[in-house]
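Structure record follows, encoded as structure tokens.
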Amino acid sequence: MRPAVLLSALRLVLLATLVLGPVYLFAMTGVAQLLLPAQANGSLVRVHGQVVGSRLIGQAFTAPRFFQGRPSATTPAYNAAGSAASNLGPTNPALLQHVRAHLHQFLQENPGVRPGQVPPAMVESSASGIDPDIPVAGALLQVPRVARANGLPVALVRHLVLSHVRGRFLGIFGASYVNVLELNVALQRLARPASG
Amino acid sequence: MTWQGALQPIILVAVVAVLAWSVGSYLYRVFENQRTYLDPVLIPVERAVYRLCGVDPQAEMRWTTYVFALLAVNVVGFLVLFGLLTLQPLLPLNPAHLPAIPFWTAWNTAVSFMTNTNWQVYGGETTMSYLSQSWLVVQQFLSPVSGICLFLAVARGFSRQNSRTLGNFWHDFVRSLLWVAVPFAIVATIVLVALGSPQNLKAYTHVTTLQGGHQIIAQGPIAAMTAIMQLGDNGGGFMNMNAAHPFEAPNVASLLFQLVLGFAIPAGLIYVFGKMIKDRRQSWAIFAAMAVMFIGGSLVLYHFEAAGSAMLPMHQVHLASAGNMVGKETRFGVGTTSLFENSTTAVSWGSVAASNDSLTPIGGMVALFNMLTGEVIFGSWGVGMIGMLAYVVLAIFLAGLMVGRTPEYLGKKIGAYEVKMAVLAMVVPSFVILILAALSVVIRPGLAGIFNPGPHGLTEVLYAFASGVGNNGSAFGGLAAASPWYAATVGVAMLLGRFPMYIPLVAMASVLAGKQRIPVSAGTFPTHGPLFVVLLVGTVLIVGALVFFPVLALGPLAEQFAMRSGQLF
């Protein structure tokens, strides 16, 4: 009787391997592509018909004319084919150095900002390394620099940021934030209306 | 801390209570062959599966036969998965041209997914082809269903009397798979895509970024895998960073849906237990004990994450707020992230929405302690509930000692054999965790894998074995989990934490099933009131603290004091 059980187990596993593996993935892909193609293909963002990224995946913005995202622990930064965190623990001296270095850089790039105004998220690296969002305060602190670099009035850029704020879910869960790529796409349209 | 953050675990538990009742009622109908809406479609499929596998779904099984069949499905499942993973370079659906999977990675991964651990020593998007991911999905269906079978066998020990058998394995397995795992996963997939997760089989997308850089965006059939990963409390994510990756949890709504999905079946099984023993008050007492520990753990974890690292102000870095955002995602914030990280080890799904290695010392300790106590705060499919039943037996035994009466639970006298089996289910995992962790911090290959210096390094090692033994799968990600030492030993820990932990409980159930139920008398200790809830919570916390306090003092507690005094390592 025991060998028969093994044989039954083998048949069950092989059947499951076929149906719950490739068949399940193919079937679900078909349904998703049919019903919800935008999400199913990665929420891609297009500018002039060109794909410039995914709304959900952060990008490395380093130029002063763009709003910048959080520090990223992937190599290279914002590597969307290899998500990773820094894994630095609270008593690791490397973490303190990392925070100090990013704070120093943020203050240099945004003159007039005091350390006590900087939200932790802007100087501490994210979990995925491709966090697409920053806290609202993190975006507002960058407004003067971005406005100057694009030759736009500060009030206009500030208004742009505030119009991109997403609040807490049901007023309770998560945090309010701004999506950096969406903000920068809108900014570019504002700064260069001829080409936008 | 904000009021929104503190309110979150309480709202979640209220939702889970409703789920326990609604999902539990459905599960009971499925296990008892009562009518459901899915019957017209699924009954022919069920019959076909029995015929194809050549099994009799009606023959009652003794516990040994039941466990043998379960082991057979698991061992064969392991071998098939291991074989298919090693064949990756020869098989299609590999648009990113990922190379062969190293031996120890394949061994560890096959054990990991078969035991419902889903410990990942690899980054999904950099290691597994789409086809290999699909083989992993198979075990994400089969391993939680195996957990339900263990639960049903143990629960029948309490619900039956004068019986030598514990049900039929094939019936329990196939019905749980067809009526529960598959339909729930299909619905969950569609919801996840609607909330933003990709589901395609295309090659990774190459884009020129807005600033003119080049970015490769890894994609794939992410929603379908996330659905069963979270539903089955598996935790083996498609991407390296699991739910922290914006494709796996694009927003808070998606993360909350995944939270609720992970709670659904374990909570439902608590209710099923009450229906089976025909006394639902017992279910709610156990639910209450779990809920108290869950809310308590969530609030402690959240408090310490919101208070943040004392290291920054100690070293004259003063930011706009104190909250710890190292290894966290902006969209989730500190509150919801803390809720998810407490749930991941309480409900034992093991996927993470943050980097646990970067939690504050006490925040990380809460997540660790959930695993050290055996993941009985809901826990994954079936095994969380039977782990809690082992604590119930122990609590009843302790209460019996205190008043000098023979302990009894649900009308069954608890004898020496039952208590021995329950204690065995607690001793084996504790022993394996402590021995392997101790070994790893004295030998070279173990020490070489540690990433963070000081006491935090010890916590990394302890967390790894607790996660392996607890079949959890979350990690302090700095540890070199892919090194041969950790890949091999955590693999062993996962096996020891699955079968030697739960099989004694099935043996215990078989003895209980044979006993006659004795009527309630004035001397019966009621097991549905607040007093019992307090006793049960106390038993879980005290047993955990007695076994693990010394090592926790050397790891997270030492680190907490060091951090408060600004000490770096």
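Just so you know, these numbers come straight off a predicted model, no measurement behind them. Within every chain, numbering begins at 1; the chains are lettered A, B, ... in the order of the sequence lines, protein sequences first and strands thereafter.
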Under 4.5 Å to a heavy atom of chain A? For B:I217 that would be both
Partner of A:L12 under side chain to side chain contact (heavy atoms under 4.5 Å, CB included), picked from B:V55, B:V73, B:L142, is B:V73
Cut-off 4.5 Å, heavy atoms of chain A, and the answer for B:L131 is side chain
Handout entry: Flag for B:T205-B:Q219: side-chain donor and acceptor within less than 3.5 Å
Key = yes
Turns out that what part of B:L255 lies under 4.5 Å from chain A's heavy atoms comes down to neither
Under 4.5 Å to a heavy atom of chain B? For A:Q59 that would be both
Bottom line for A:F169: the part with an atom under 4.5 Å from chain B's heavy atoms is side chain
**Request:** Would you tell me whether B:E248 and B:N242 have side-chain atoms, one donor and one acceptor, within less than 3.5 Å of each other?
**Result:** no
Ranking A:A40, A:A137, A:G174 by heavy-atom pairs under 4.5 Å to chain B gives rank one to A:A40
Cut-off 4.5 Å, heavy atoms of chain B, and the answer for A:V31 is side chain
Requested in this report: Run the numbers on A:S176 and A:V136 for side chain to side chain contact (heavy atoms under 4.5 Å, CB included), then give the verdict.
Outcome: CA-CA 7 Å; A:S176 49; A:V136 181; 4.2 Å; yes
Turns out that what part of B:A185 lies under 4.5 Å from chain A's heavy atoms comes down to both
So, the part of B:A223 with a heavy atom under 4.5 Å from chain A: the answer is neither
Side-chain donor-acceptor pairs of residues 107-116 of chain A under 3.5 Å, sequence neighbours excluded:
from   : atom 1 : to     : atom 2 : distance (Å)
A:E109 : OE2    : A:Q105 : NE2    : 3.2
A:N110 : OD1    : A:R145 : NH1    : 2.9
A:N110 : ND2    : A:F106 : O      : 3.0

Compute whether any side-chain donor of one residue and acceptor of the other, for B:T209 and B:Q215, lie under 3.5 angstrom apart.
no
Please table the atom pairs, donor to acceptor, closer than 3.5 Å between any side-chain atom in residues 125-132 of chain A and protein atoms at least two apart or in another chain.
from   : atom 1 : to     : atom 2 : distance (Å)
A:S126 : OG     : A:G129 : N      : 3.1
A:S128 : OG     : A:I130 : N      : 3.1
A:S128 : OG     : A:D131 : N      : 3.2
A:S128 : OG     : B:E329 : OE1    : 3.1
A:S128 : OG     : B:E329 : OE2    : 3.0
A:D131 : OD1    : A:D133 : N      : 3.0
A:D131 : OD2    : A:R70  : NH1    : 2.9
A:D131 : OD2    : B:T330 : N      : 2.7
A:D131 : OD2    : B:T330 : OG1    : 2.7

Exercise for review: Indicate whether the side chain of A:Q33 and that of A:N41 have a donor and an acceptor atom separated by less than 3.5 Å.
Suggested key: yes
Max heavy-atom pairs within cutoff under 4.5 Å with chain B, candidates A:V23, A:V52, A:V47, goes to A:V52
Would you say B:Q211 and A:T62 are linked by a side-chain donor-acceptor pair, where the criterion is simply a distance under 3.5 Å? yes
Under 4.5 Å to a heavy atom of chain A? For B:L81 that would be neither
Turns out that what part of A:L7 lies under 4.5 Å from chain B's heavy atoms comes down to neither
If one checks every heavy atom of A:L56 against chain B at 4.5 Å, the contacting part turns out to be both
inquiry  = Side chains of A:S83 and B:E125: any donor to acceptor distance under 3.5 Å?
reply    = yes
Cut-off 4.5 Å, heavy atoms of chain B, and the answer for A:V19 is neither
If one checks every heavy atom of A:L15 against chain B at 4.5 Å, the contacting part turns out to be side chain
Pair count under 4.5 Å, heavy atoms only, with chain A: among B:G196, B:S321, B:A218, B:P246, highest is B:P246
One should read off an interatomic distance between A:N150 CG and A:L187 CG, to the nearest 0.5 angstrom, of 4.5 Å
If one checks every heavy atom of B:Q139 against chain A at 4.5 Å, the contacting part turns out to be neither
Cut-off 4.5 Å, heavy atoms of chain B, and the answer for A:F61 is both
With chain A, the option among B:F141, B:F332, B:F476, B:W135 that has the most non-hydrogen atom pairs under 4.5 Å is B:F141
Okay, B:F169 and chain A: the region with an atom under 4.5 Å from a heavy atom over there is neither
Whatever's closer than 4.5 Å to a heavy atom in chain A on B:S197 counts as backbone
**Message:** We want to know whether B:T336 and B:Q8 form a side-chain donor-acceptor pair, criterion being a heavy-atom distance below 3.5 angstrom.
**Reply:** yes
The interface call for A:A73 against chain B, heavy-atom contacts under 4.5 Å, is neither
Bottom line for B:V193: the part with an atom under 4.5 Å from chain A's heavy atoms is both
Applying a strict 4.5 Å limit to non-hydrogen atoms, the region of A:L44 in contact with chain B is side chain
Bottom line for A:R55: the part with an atom under 4.5 Å from chain B's heavy atoms is neither
